[in-house]
Asks: 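Have a look at the structure that comes next, please.
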Protein chains: 2
Amino acid sequence: MKKISMQLEKANLKKTKHRLLILKILAETNDFLSADDLFIRAKQSDTKISLSTVYRILDSFAEKKIVSTLNIDNSKQVYYEMAHQEHAHHLICLDCQSVIHIKDCPIHDYQSQLSKTYNFQVKRHSLEFYGYCSKCQKSKKNQ
Amino acid sequence: MKKISMQLEKANLKKTKHRLLILKILAETNDFLSADDLFIRAKQSDTKISLSTVYRILDSFAEKKIVSTLNIDNSKQVYYEMAHQEHAHHLICLDCQSVIHIKDCPIHDYQSQLSKTYNFQVKRHSLEFYGYCSKCQKSKKNQ
DNA sequence: GTGTTTAATGCTAACCATTTGCATTTAGAC
DNA sequence: GTCTAAATGCAAATGGTTAGCATTAAACAC
């Protein structure tokens, strides 16, 4: 059995052609994609799909931790990628929207210290860096 | 001259009663407020105001750095507070939505290191912790 | 103060990402 | 193949935010 459909099996989700298609698209890219990005790519295959199905599939995948989501400040859309096993942070380019993954997490120790100081039970954190990627730094100089 | 209206002066914004009102409401609270929260509070004063005015005022305030914004993961609304001089992070309660400010920033050094490693020019970062505040931890236990 | 100019406001409709309701289709179990 | 619950398509609804345009009000000159 293919690795991709195994994910659905493990998650106890029915293997539908739409779910397999969305999984395949996600598996083929390293970028974060919005629901609409996925919808557009899915339509390009010969499978017919509706946008609400894409949303419903993404919701179920998020619940089962098959995908992870990224909320970019000041952007209204949610972005999705295949979930990695590891906790990660991101460098987000303000110009071209590209995202660089960082696997290293500098604040795990800090977090447990926080919990004590504020008596706050931290469940997760989000740490995102915004700025300009090397490509966009160059093109800005040339303007 | 009052401190509040001085902010408008410094920012080169006309002193209108609506702007002064929004500033006053922001100055009176330590919480983050959504545009709608502000709209509701503003209506309770005797000044007539429309929601689009609230949005426009907040946009101008954000541009002039009079307010700072908070984007909470999985929430569609933007939250606003009077801008503090200092960079801060937050503990956000998943239950009661309360926000605790943390002035300490654990990643300034890390950030400059990142810039070198990835040749990425970091302009800012957002670091938010999600979990349960002490009050909500207690009420969860009692359920 | 009055007049003038330009920005701010109110109102309504538009927008965009996302969600929902409901009828139809399909996967999976028998 | 039959059955049943879950998945899907479609269209309409939702919620936060933005835009267009006519009206009002600051700010500045006089």
Side-chain angles (χ1 to χ4, degrees), chain A residues 1-2 4-23 25 32-43 45-64 66-67 69-80 97, chain B residues 1-2 4-23 25 32-43 45-64 66-67 69-80 97:
Chain A
M1 173 174 313
K2 281 207 265 156
I4 257 188
S5 65
M6 247 176 60
Q7 296 213 57
L8 294 178
E9 193 144 303
K10 270 200 291 185
N12 239 326
L13 292 174
K14 283 189 185 171
K15 288 188 206 76
T16 70
K17 62 179 178 214
H18 301 98
R19 285 188 177 144
L20 289 166
L21 175 59
I22 296 295
L23 266 185
I25 297 171
F32 278 93
L33 299 174
S34 67
D36 202 58
D37 293 336
L38 283 158
F39 176 54
I40 289 168
R41 293 186 192 205
K43 275 194 300 190
S45 75
D46 42 355
T47 310
K48 199 162 167 289
I49 192 167
S50 85
L51 184 53
S52 39
T53 300
V54 175
Y55 276 106
R56 280 187 278 231
I57 288 176
L58 289 172
D59 283 351
S60 65
F61 284 5
E63 197 190 340
K64 300 291 187 176
I66 294 173
V67 298
T69 60
L70 175 65
N71 293 273
I72 298 184
D73 284 3
N74 309 319
S75 155
K76 292 175 193 170
Q77 320 183 61
V78 178
Y79 295 89
Y80 301 83
Q97 321 296 333
Chain B
M1 174 175 309
K2 278 206 267 158
I4 258 187
S5 65
M6 248 177 57
Q7 295 213 57
L8 295 178
E9 195 144 304
K10 270 201 290 184
N12 239 328
L13 292 174
K14 285 190 186 171
K15 288 188 206 76
T16 70
K17 63 179 179 214
H18 300 100
R19 286 189 177 144
L20 288 167
L21 175 60
I22 296 295
L23 266 185
I25 297 171
F32 278 93
L33 300 174
S34 68
D36 203 58
D37 293 336
L38 283 159
F39 176 54
I40 289 167
R41 294 187 191 204
K43 275 194 299 190
S45 75
D46 41 358
T47 310
K48 200 162 166 287
I49 193 166
S50 87
L51 184 54
S52 38
T53 299
V54 174
Y55 276 107
R56 281 187 280 230
I57 288 177
L58 290 172
D59 283 351
S60 65
F61 284 4
E63 197 189 338
K64 301 290 187 173
I66 294 173
V67 298
T69 59
L70 175 66
N71 293 272
I72 298 184
D73 283 4
N74 309 320
S75 154
K76 292 175 191 169
Q77 322 185 58
V78 178
Y79 294 89
Y80 301 84
Q97 319 297 333

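Labels below follow one simple rule: chain letters A, B, ... track the order of the sequence lines, proteins then strands, and each chain is numbered from 1. These numbers come from the heavy atoms of this one structure, side chains and all, not from hydrogens, waters or symmetry mates. Since the structure is predicted, the reported quantities are computational estimates derived from the model, not experimental observations.
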Asks: Name the nucleic acid region contacted by B:K17, choosing base, sugar-phosphate or nothing; use a 4.0 angstrom heavy-atom cut-off, strictly under.
Replies: nothing
Asks: OP1 or OP2 of C:dT26 less than 4.0 angstrom from a side-chain nitrogen or oxygen of A:H18, does that happen here?
Replies: no
Asks: At under 4.0 Å between heavy atoms, what does A:I57 touch on the DNA or RNA strands: base, sugar-phosphate, or nothing?
Replies: sugar-phosphate
Asks: Within this structure, what is the CZ-to-C1' distance between B:F61 and C:dA8, rounded to whole angstrom?
Replies: 12 Å
Asks: Report the distance from atom CG of A:L8 to atom P of C:dT26, rounded to the nearest whole Å.
Replies: 18 Å
Asks: Measure from CG on A:L21 to P on D:dG9 and round the result to the nearest Å.
Replies: 11 Å
Asks: Is there a side-chain contact between B:I66 and B:L13 in this structure, where contact means two heavy atoms from C-beta onward sitting under 4.5 Å apart?
Replies: yes
Asks: So A:I49, base contact, sugar-phosphate only, or nothing? Heavy-atom distance under 4.0 Å.
Replies: sugar-phosphate
Asks: OP1 or OP2 of C:dT26 sitting under 4.0 Å from any side-chain N/O of A:T16?
Replies: no
Asks: When we call it a touch if two heavy atoms are under 4.0 Å apart, what does B:K14 touch: a base, just sugar-phosphate, or nothing?
Replies: base
Asks: Starting at atom CD of B:Q77, determine the distance to atom P of C:dC16, rounded to an integer number of angstrom.
Replies: 20 Å
Asks: OP1, OP2 of D:dC10 versus side-chain N and O of A:K48: anything below 4.0 Å?
Replies: yes
Asks: Atom CG of A:D36 and atom P of C:dT18: how far apart are they, to the nearest Å?
Replies: 9 Å
Asks: Hey, are the side chains of A:Y80 and A:V67 touching, using non-hydrogen atoms and a 4.5 Å cut-off?
Replies: yes
Asks: B:V78 or B:L13: which one's nearest nucleotide on DNA chain D is closer to the 5' end?
Replies: B:V78
Asks: For the pair made of NZ in A:K76 and P in C:dA17, what is the distance, rounded to whole Å?
Replies: 8 Å
Asks: Are side-chain heavy atoms of B:F61 and B:I22 found at a separation under 4.5 Å?
Replies: yes
Asks: Between C:dT18, D:dT8, C:dG28, which nucleotide gets closest to the side-chain atoms of A:K15?
Replies: C:dG28
Asks: What contact category does A:R56 fall into here, base, sugar-phosphate, or nothing, at under 4.0 angstrom with non-hydrogen atoms?
Replies: base
Asks: Please pick, from C:dT9, C:dC11, C:dT18, the nucleotide with the shortest atom-to-atom distance to any side-chain atom of A:Y55.
Replies: C:dT18
Asks: Does C:dT9 have OP1 or OP2 sitting under 4.0 Å from an N or O in the side chain of B:T53?
Replies: no
Asks: Can you find a heavy atom in the side chain of B:S34 that is under 4.5 Å from one in the side chain of B:V78?
Replies: no
Asks: Take the protein atom CD of B:E63 and the nucleotide atom C1' of C:dA7, then report the distance between them rounded to whole Å.
Replies: 14 Å
Asks: How long is the gap from CE on B:M6 to CG on B:L8, to the nearest 0.5 Å?
Replies: 10.5 Å
Asks: NA contact type, A:S52, heavy-atom cut-off 4.0 Å: base, sugar-phosphate, or nothing?
Replies: base
Asks: From CG of A:N74 over to C1' of C:dA17, roughly how many Å is that when rounded to an integer?
Replies: 16 Å
Asks: Working to the nearest 0.5 angstrom, can you tell me the gap between B:I49 CD1 and B:I40 CD1?
Replies: 12.5 Å
